[in-house]
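What follows is one structure encoded as structure tokens, with my remarks underneath.
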Amino acid sequence: MGTSSAPVVEMRNVRVSFGGVRAVDDVTIDLRPGEVVGLVGGNGAGKSTLMKVLSGAQGPDSGEIRVNGQPASISNPRDAKRLGIETIYQTLALADNLDAPGNLFLGRELTTPIGQINDAAMEDQTRKVMGRLNPHFKAFRKPVVSLSGGQRQAVAIARAIYFNARIIIMDEPTAALGPGETAQVRNLIKQLKNEGIGIFLVSHDIHDVFDLSERISVMYHGRLVGTVNKDDVTTDEILGMIILGKPPTKLTEKDIAELKG
Amino acid sequence: MANVADAAQGQDVQVVPRPGLRGLLAQTEIDLRLFGMLAALAIILVGFNLISGGTFLRPVNMVTLGVQAAGIAIISTGMVLVIVSRNIDLSVGSLVGIVAMVYAELMANWLTSLGIGIDFPFRWAIALAIGIAVGAGFGALQGFIIAYIGVPSFIVTLGGLLSIRGLVWYLSNGAAVTGLDPTFQLFGGGAQGSIGGTLTWAVGLVGSLAVVGLLFNNRRRRRQYGFPLRPMWAEVTLAVAGSGAILGLSAFANANYWPQGLADQYAAAHGLPAGLQISTGFPDPLMILLGVTLLVTWLGTRRRFGRYVYAYGGNPDAAALAGINTRLTILKTYVLMGVLCAISAAIAVARLNAATLDVGQSYELYVIAAAVVGGTSFAGGIGTIPGAVLGAFVMQSLAYGLAYIGVDSPGQNVAAGVVLILAVGLDSWNRRRGTRTPR
Ligand SMILES: Nc1ncnc2c1ncn2[C@@H]1O[C@H](COP(=O)(O)OP(=O)(O)OP(=O)(O)O)[C@@H](O)[C@H]1O
Ligand SMILES: [Mg+2]
């Protein structure tokens, strides 16, 4: 699926620099409905920064974003959410002192008709969505600081899927998860894909990326090395792109031998 | 999927009780820290009562103590929100000072020259409204500089502390201002500035019914969603203890009487026999404190504003990434502080029946101490409003008690400082042991 439909997101010629550091340097990528695009690259390659531009957490120096073909101005996280873009941040972005429902609904609290926060309703909804992610989760009224890394990650994922997103950005969504929970997130990603949601998946796990994505975009020192169809490349070629910053066509036998040490 | 979720919910209903007193307390879901503070307050009061040979705990002393604590406690409710959101407000004393002077000037001079003479109806209310607006204005100005320009709150409010106190001097040309509206004086408490016996019982009754109603409503809502419930014995204990305490306080306040001379005057004026005993009931400042505590607690726990204050304190980045307007939230905390300072200033001016140059001096220290003793953490994100109010009462009963048994004011300061460090030290020690359940 996917390849025939028009992109739901296009980021064109995006640039971000911090002082002298060009964190994102003229990057163009896109995402179609029901598609997973894996975004890979070494540490500091600029993956998170690029994704933050899309989620409204980081203003770009230049570049254009289109959502459903229309130019979109995303100048803060609220704009992104309004466009149906939800994000699981690498840092999780949880308020440690609030409980799971408080974090899930942060900024979008359920209220009673007179505008009072409705904790019971939020807890109810949280129990339902967490049942889908982590059925053993019970700490609904504890501040998330007292949860395990995996449980915290589950809360962050729940927040991204609860609000009927059309585009989900996942920055290392399984970094803190055990094998069982990781498998659950993989299933979740497949499920979301079937629902027609587009997903940017940032990950260091090449096998995960190969398993889940349709296309893979590789970044190297802020630049886009290239975007390839998963079926057209091998893991070695992706590794070459990540480590040497060379597209598969320019990769030599010697390079591959070097990679394998 | 759904089945799994339901099964998980089913298991959830069983809460495994922990052994011992701590376990029992946990089942009532009472904040352990609040419970500890109530115990500390009780020990302080009973301790001074023993030392003083049983005279300390008289209603007349307790009412005075309460009135003295009210001015600090009112501001401390807002200081909790300021500290929770990782800021500080050092300007509260000077804010109290300037608004106090505005009240006095308004009633003594300005209103009259505006054509609002002594006989004008609700003159006191006009003064109060203007004073509150002035407080809110100074708060908004400081809040704007902190939130939108990004100057650290410590610096901005330190500047506020210095410069606003200077403005007090200019407003009054360096002299105290006297001549308040008689109705305004009632804010200060005393025989007439209290709500009287009947109303006190009414407040007690409404309060105890409210406790039962809240507990009931909470249980009903949790049952409706199928969430775990408190054991029934815990609900009953809470209801009995809560409403009993409120009714007990009402009875206690009603055991405080008007001074006999004043009561006799009143009796003569109304054709009643001399020797009449008139209950004062709760003094006005305490009623104001009650209202402020309920209001700010509601703002802090039941409104988005409060939720955002706590979220920002817990993780400023997370709050911003969630799309919260964090700057406006911070600005609002300072506006609230200005309003609370204005309310506190009304009580201070009314008690003095004048505004002197040093009204509110050092309030910032007592207010911050109250919040911190009450469990507010400078790391941000943690603190409760009832805790701060209790903290104000702990600090004030200590000071009042020491004065009562004849310790001079330097000695009181030494004790207050030691208790402050002790309370916070105990708290961090407790937290390191991991026994404290925040929330
Ligand atoms: N807020 C910031 N201020 C200054 N420099 C930054 C900031 N955020 C990122 N950078 C820099 O931008 C570059 C890209 O960082 P980014 O976090 O996007 O990398 P990444 O590909 O997500 O790496 P990782 O795999 O380690 O998460 C790095 O050199 C980093 O130091
Ligand atoms: Mg990253």
Side-chain angles (χ1 to χ4, degrees), chain A residues 52 55-58 76-82 87 89 91-99 102-109 111-112 114-125 127-146 156 159 187-188 191, chain B residues 1-9 11-16 29 84 217-228 298-326 329 377 379-383 434 436-439:
Chain A
K52 281 185 189 164
S55 62
Q58 172 70 53
N76 59 48
R78 248 167 307 163
D79 291 342
K81 286 171 207 248
R82 214 173 292 128
T87 311
Y89 291 99
T91 55
L92 301 186
L94 299 174
D96 281 340
N97 54 339
L98 300 187
D99 56 15
N103 272 291
L104 201 152
F105 286 95
L106 190 56
R108 292 182 279 202
E109 288 74 11
T111 54
T112 63
I114 54 165
Q116 293 211 68
I117 288 195
N118 191 343
D119 279 318
M122 295 197 293
E123 185 176 336
D124 184 46
Q125 293 299 307
R127 281 173 188 268
K128 288 192 177 128
V129 64
M130 288 301 279
R132 202 174 154 187
L133 288 173
N134 189 343
H136 302 297
F137 187 87
K138 284 183 193 171
F140 289 99
R141 306 187 72 187
K142 275 192 189 169
V144 298
V145 69
S146 61
R159 173 163 63 184
N187 283 335
L188 176 74
Q191 211 176 314
Chain B
M1 275 292 177
N3 294 344
V4 180
D6 289 345
Q9 277 192 23
Q11 289 168 12
D12 232 351
V13 180
Q14 292 150 15
V15 178
V16 185
E29 295 176 22
V84 159
N217 197 31
N218 195 24
R219 190 177 178 84
R220 190 182 52 87
R221 197 144 23 113
R222 293 193 65 79
R223 161 137 358 97
Q224 183 188 330
Y225 284 108
F227 297 164
W298 179 73
L299 282 177
T301 60
R302 303 253 58 92
R303 304 296 300 186
R304 286 208 165 104
F305 162 67
R307 180 59 55 96
Y308 296 167
V309 165
Y310 280 87
Y312 183 87
N315 184 347
D317 291 335
L321 291 176
I324 292 170
N325 190 340
T326 53
T329 304
S377 156
I382 293 174
R436 189 169 157 274
T437 45
R439 193 188 162 89

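Proteins come first, then strands; the chains are lettered A, B, ... in the order of their sequence lines, and each starts at number 1.
The closest donor-acceptor contact from the side chain of A/Asn103 to the backbone of A/Ala95 lies under 3.5 Å. With B/Arg222 contributing its side chain and B/Pro228 its backbone, the two residues share a donor-acceptor pair below 3.5 Å.
Between chain B and the options A/Met130, A/Glu123, A/Lys52, the largest number of non-hydrogen pairs under 4.5 Å is found for A/Glu123. The choice from A/Gly102, A/Ser146, A/Gly115, A/Ala57 that makes the most heavy-atom pairs within less than 4.5 Å of chain B is A/Gly115. Between chain B and the options A/Ser55, A/Ala80, A/Pro77, A/Ala120, heavy-atom pairs under 4.5 Å are most frequent for A/Ala120. If you tally non-hydrogen atom pairs under 4.5 Å between each of A/Asn76, A/Asn97, A/Leu98 and chain B, the highest count goes to A/Asn97.
To the nearest 0.5 Å, atoms CZ (A/Arg159) and CG (A/Leu104) are separated by 7.5 Å. One finds the OG1 atom of A/Thr112 at 4.5 Å from the CD1 atom of A/Ile114 (value rounded to the nearest 0.5 Å). Here B/Thr329 contributes atom OG1 and B/Phe305 contributes atom CZ; the two are 7.0 Å apart, rounded to the nearest 0.5 Å.
Of the two parts of B/Tyr310, the backbone and the side chain both hold a non-hydrogen atom closer than 4.5 Å to a non-hydrogen atom of chain A.
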